[in-house]
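Working notes, structure below.
Naming convention: chains lettered A, B, ... in sequence-line order (proteins, then strands); numbering from 1 in each chain.
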Amino acid sequence: KQEVTQIPAALSVPEGENLVLNCSFTDSAIYNLQWFRQDPGKGLTSLLLIQSSQREQTSGRLNASLDKSSGRSTLYIAASQPGDSATYLCAVKETSGSRLTFGEGTQLTVNP
Amino acid sequence: KAGVTQTPRYLIKTRGQQVTLSCSPISGHRSVSWYQQTPGQGLQFLFEYFSETQRNKGNFPGRFSGRQFSNSRSEMNVSTLELGDSALYLCASSLVVGSRDQETQYFGPGTRLLVL
């Protein structure tokens, strides 16, 4: 059974700092990995999706990497801003169909 | 283009009642998935519908059911509500072209259900 773990569970940084969020998964036979952002009481916003054949994806200040063989992904946020404060979730998709297995998330606070 | 919409946004029910939640996917998206989010269990997959058929099912009791209509709108129903069913219920839609999912899932704002 696939298990997804995110470390750390919570992170507080000053504005402007670069930071890394970690995600690990137990079964490397994944189809893709997706990073989401969730604001309090809201739905999920997709940030980046990495196919199993890819090593990384970039969008603006965000960069996500994937090492399928070791079962790890990282989300790098450059020059953090208070508006980046949210919970960040990673999710893996294993088979055809749309089922995602989520980690517990990292709650990020960026202090002005 | 309109996003995924869910109704109602908030709901209060009592134990033993039943509830129906609705999800309208992004236009053209034929796959709709449902997830339950609680502080203790995180986000857990309930089921997925594609072309009016349940394609995948998570590990939830039979009290949780769903269906999808010909216009891809989906409903989920929970019967005999329990206190532990209090959660944020999220639906997500994705585009399927031929036999391939277009992978990126787009989530709605969720329905927050409180069971008293």
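Other residues, nucleotides and ligands contribute more than 12 heavy atoms inside 6.0 Å of the CZ atom of B/R73. The local environment of CZ in A/R55 is sparse, with at most 12 non-hydrogen atoms from other residues, nucleotides or ligands closer than 6.0 Å. The environment of NZ in A/K42 is sparse: at most 12 heavy-atom neighbours from other residues, nucleotides or ligands sit within 6.0 Å.
Taking CZ from B/F107 and CG from A/L100, the interatomic distance works out to 5.5 Å, rounded to the nearest 0.5 Å.
The minimum heavy-atom distance between A/Q34 and B/Q105, with the atom names listed, is NE2-N, 3.5 Å. Looking at every heavy atom in both residues, B/R112 comes nearest to A/G41 through NH2-CA, 3.9 Å.
Cluster membership check: B/F50 does not share its hydrophobic cluster with B/L46, using side-chain heavy-atom separations under 4.5 Å among Ile, Leu, Val, Met, Phe, Trp and Tyr. Linking ILVMFWY side-chain heavy atoms closer than 4.5 Å, directly or via other members, places A/L44 and A/W35 in two distinct hydrophobic clusters.
Using a 4.5 Å cut-off between heavy atoms, B/Q41 touches chain A through its backbone atoms (N, CA, C, O) alone. There is no contact between B/Y106 and chain A, counting heavy-atom distances below 4.5 Å. Both the backbone and the side chain of B/L43 have a heavy atom closer than 4.5 Å to some heavy atom of chain A.
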Quiz: residues 3-10 of chain A side-chain donor-acceptor pairs under 3.5 angstrom, not counting sequence neighbours:
| residue | atom | partner | partner atom | Å |
| --- | --- | --- | --- | --- |
| A/Q6 | OE1 | A/C90 | N | 3.0 |
| A/Q6 | OE1 | A/G105 | N | 3.0 |
| A/Q6 | NE2 | A/Y88 | O | 3.0 |

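Contact of the A/Q38 side chain with the B/L88 side chain is registered, since non-hydrogen atoms from C-beta on lie closer than 4.5 Å.
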